[in-house]
Each structure stands twice: as C-alpha cells, then as structure tokens.
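For clarity, every value in this text was computed on a predicted model and none was experimentally measured. As a basis for the values below, the full set of heavy atoms in this structure was taken, side chains included, without hydrogen atoms, waters or symmetry mates.
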Amino acid sequence: MNYNEISAEIEMEYTWRYNEMIFLRNILSSLSKEDEKDIYRKSLITMLYSHFEGFCKFVFSYYIEKINDQKYHRKELSPFLIAASMKREFDAYANKDKKCKIFKRELPDDSKLHEFSRRIDFVCAFQGFLEEIAYIPDDVVDTESNLKPIVLKKILFHLGFDVLIAQEFANTINCLLKYRNSVAHGENSIRKGVSEKDYTDIESRTFELMQRIKELVAHALRDETFLKKNIS
C-alpha cells in the first residue's frame with residue numbers, strides 16, 4: 001500500500017468536511033442579533049453530526065476497501081478480520097434447518113445432535129476457509145440509526161481497533177446526538193437555539209475525535225496492524 005496516497009485521501013475527506021463547517025460557521029458574523037445566532041447554531045449542530053457520521057462511515061469503509069484490494073488470504077489477517085470475512089460460513093453453521101445426514105430421519109428434532117454435526121462440518125472445513133481470499137463486507141461498518149458511543153465501539157471492535165477512543169469521547173458524542181435529536185424532534189429545550197460556548201465546545205471536541213479516527217485508520221494501514229504477523 002502507498003501510505004502517502006492513503007493518508008492524502010483520508011486527509012482530503014476530513015478537510016472538505018472541516019472547511020464546510022468553518023464556512024457555515026462564518027455566516028454567523030452576518031447575523032447581528034444573538035437570538036438569531038443561537039437559532040442558526042441549531043443548523044450547525046445538525047450539519048456537524050452529519051459530517052461526523054459521514055466521515056466515520058467513509059474512513060472505516062475505506063479501511064476495509066484497502067484491505068480487500070490486497071486480496072490477502074484469511075490466514076494472514078487478524079482474528080477480528082478473519083471473523084468479519086466469514087459471515088457466510090458462520091451463517092451456514094448457525095442454520096438450524098441443516099440436519100445431520102446420518103440422523104436426519106431417525107432424530108429430526110434433536111437440535112443438540114444436529115448442531116454438533118454442523119460443528120464437525122465447520123471444523124473439517126476450517127483450514128480451507130483460512131486459505132481463501134478474504135473479503136470483508138461493507139455491512140461490518142453499520143452506523144445504525146444514530147452513531148452512539150456504543151455503536152462506534154462496536155465498529156471499532158469488529159475491525160480489531162482499540163475501543164478506548166469511543167469511551168474517551170462518549171460524552172462528546174452523546175452531547176452532539178442530544179442536540180441533533182432535539183432539533184429533529186422539535187423539543188422545547190432546543191427551540192431558542194444553541195449558545196456560542198456550547199456549540200464551540202462540541203464542535204472542537206467533535207473534530208478532535210474525527211482527527212483521532214483519521215490518524216487511527218491511516219496508521220493502521222501504514223503499519224499493517226491488521227495482519228496476523230503484526231499482532232503482539
């Protein structure tokens with residue numbers, strides 16, 4: 001992988017989102033009344049959340065894309081990414097309609113027996129699974145209906161990243177979501193708008209989080225920490 005190209009693409013995605021928010025925020029100077037500015041910041045909050053979720057979706061999907069492009073064999077990857085690439089195989093194992101051929105007629109409803117049979121099939125095929133080219137599906141990156149801290153934590157876990165960043169910025173994400181959902185649902189608490197201090201604080205922390213995620217993914221691709229040989 002060409003780290004300079006990877007870093008430049010991720011940086012470009014971050015930069016255009018950051019610049020757009022600065023452009024929108026600068027429009028505040030054209031408003032003379034403080035109550036109008038407070039109301040305008042409600043729009044900034046909704047856009048800030050959109051850029052946060054959009055950036056996370058992009059950068060984690062980009063991470064998967066770059067790994068898939070290399071056509072690694074599963075055995076070369078970390079256990080997290082091996083598991084992520086084996087959704088089809090795990091689904092087949094979990095298929096309770098699949099019966100053991102030997103006991104299909106005699107014991108059609110013996111669920112434990114048929115599960116054991118599926119386990120045997122899985123174990124017998126496992127080495128072959130590891131020799132296959134890994135393909136990690138896009139749905140591993142699922143931001144769900146709201147990119148809550150627990151949702152970000154799940155994405156990080158599925159991709160084999162340290163989940164501490166989601167915990168560190170949990171208050172920021174929850175605060176951003178609270179404002180965004182209050183605007184969307186027309187709650188009384190948000191009708192007068194968002195104060196300058198409240199908005200400035202949350203914008204600063206949100207872009208700090210995006211910056212951290214940007215570096216996390218770029219460095220993982222640079223150092224190839226997703227490979228089995230690089231796991232300490």
Side-chain angles (χ1 to χ4, degrees), residues 7-65 137-159 161-218:
S7 181
E9 287 194 52
I10 296 176
E11 186 66 38
M12 188 183 305
E13 182 71 17
Y14 173 87
T15 300
W16 81 260
R17 293 180 183 278
Y18 178 82
N19 288 342
E20 183 168 299
M21 286 307 305
I22 297 302
F23 170 78
L24 294 173
R25 176 154 53 84
N26 285 343
I27 295 175
L28 277 170
S29 61
S30 66
L31 303 176
S32 57
K33 297 180 180 179
E34 285 303 316
D35 59 340
E36 291 179 345
K37 292 182 179 181
D38 289 348
I39 292 171
Y40 180 74
R41 290 189 193 97
K42 291 196 298 183
S43 299
L44 291 180
I45 283 284
T46 58
M47 285 301 297
L48 182 61
Y49 173 80
S50 295
H51 280 306
F52 165 63
E53 180 178 319
F55 178 76
C56 289
K57 180 73 174 178
F58 167 84
V59 77
F60 290 127
S61 296
Y62 182 82
Y63 179 71
I64 290 173
E65 176 189 329
D138 291 338
D139 58 11
V140 171
V141 181
D142 184 5
T143 55
E144 302 182 17
S145 57
N146 288 305
L147 187 51
K148 301 175 184 177
I150 190 62
V151 175
L152 177 58
K153 193 173 182 179
K154 285 162 60 176
I155 294 171
L156 291 166
F157 177 74
H158 282 141
L159 297 179
F161 289 116
D162 193 329
V163 301
L164 288 178
I165 192 171
Q167 297 170 200
E168 180 183 346
F169 286 86
N171 288 340
T172 298
I173 300 170
N174 283 330
C175 186
L176 179 59
L177 272 171
K178 180 182 177 182
Y179 275 123
R180 178 257 196 178
N181 290 338
S182 294
V183 173
H185 301 150
E187 296 177 7
N188 290 331
S189 60
I190 199 69
R191 288 187 179 180
K192 290 184 178 180
V194 181
S195 72
E196 180 179 6
K197 182 182 184 307
D198 288 345
Y199 178 77
T200 300
D201 288 347
I202 197 168
E203 183 194 65
S204 174
R205 286 287 287 172
T206 299
F207 274 108
E208 181 183 352
L209 172 56
M210 291 167 64
Q211 182 83 14
R212 293 274 296 278
I213 291 173
K214 172 171 69 74
E215 293 170 357
L216 179 73
V217 171

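- Scanning both residues, Pro149 and Ile173, for their nearest heavy atoms gives CD-CG2, 3.7 Å.
- In this structure, a donor-acceptor pair under 3.5 Å is present between the side chains of Glu53 and Tyr49.
- Put simply, the side chain of Leu209 does not reach to within 4.5 Å of the side chain of Thr172, judged on heavy atoms.
- Considering only heavy atoms from C-beta on, Val194 stays 4.5 Å or farther from Val183 through its side chain.
- Closest approach of Met21 to Tyr199, counting heavy atoms only: CE-OH, 3.2 Å.
- Proximity of a side-chain donor or acceptor of Lys57 to a complementary backbone N or O of Val141 within less than 3.5 Å is detected.
- Ile27 has its side chain within reach of Phe23: a pair of non-hydrogen atoms, C-beta onward, lies under 4.5 Å apart.
- Counting only heavy atoms from C-beta outward, the side chains of Leu177 and Leu147 never approach each other to under 4.5 Å.
- In this structure, Ile213 and Phe161 have side chains that are not in contact, with every pair of non-hydrogen atoms separated by 4.5 Å or more.
- Taking both residues in full, the closest heavy atoms of Ile22 and Arg25 are given as CD1-NH2, 2.8 Å, listed atom of the first, atom of the second, then distance.
- No side-chain heavy atom of Glu9 sits less than 4.5 Å from a side-chain heavy atom of Glu13.
- Salt bridge Arg205/Glu208: present, at least one basic N to carboxylate O contact under 4.0 Å.
- Side chain of Ser204 to backbone of Thr200: no donor-acceptor contact under 3.5 angstrom is found.
- Contact check for Asn146 versus Arg180: side-chain heavy atoms found under the 4.5 Å cut-off.
- With contacts defined as side-chain heavy-atom distances shorter than 4.5 Å, the pair Ile39/Leu31 does not qualify.
- Phe169 has its ring centre no less than 6.0 Å from the ring centre of Phe52.
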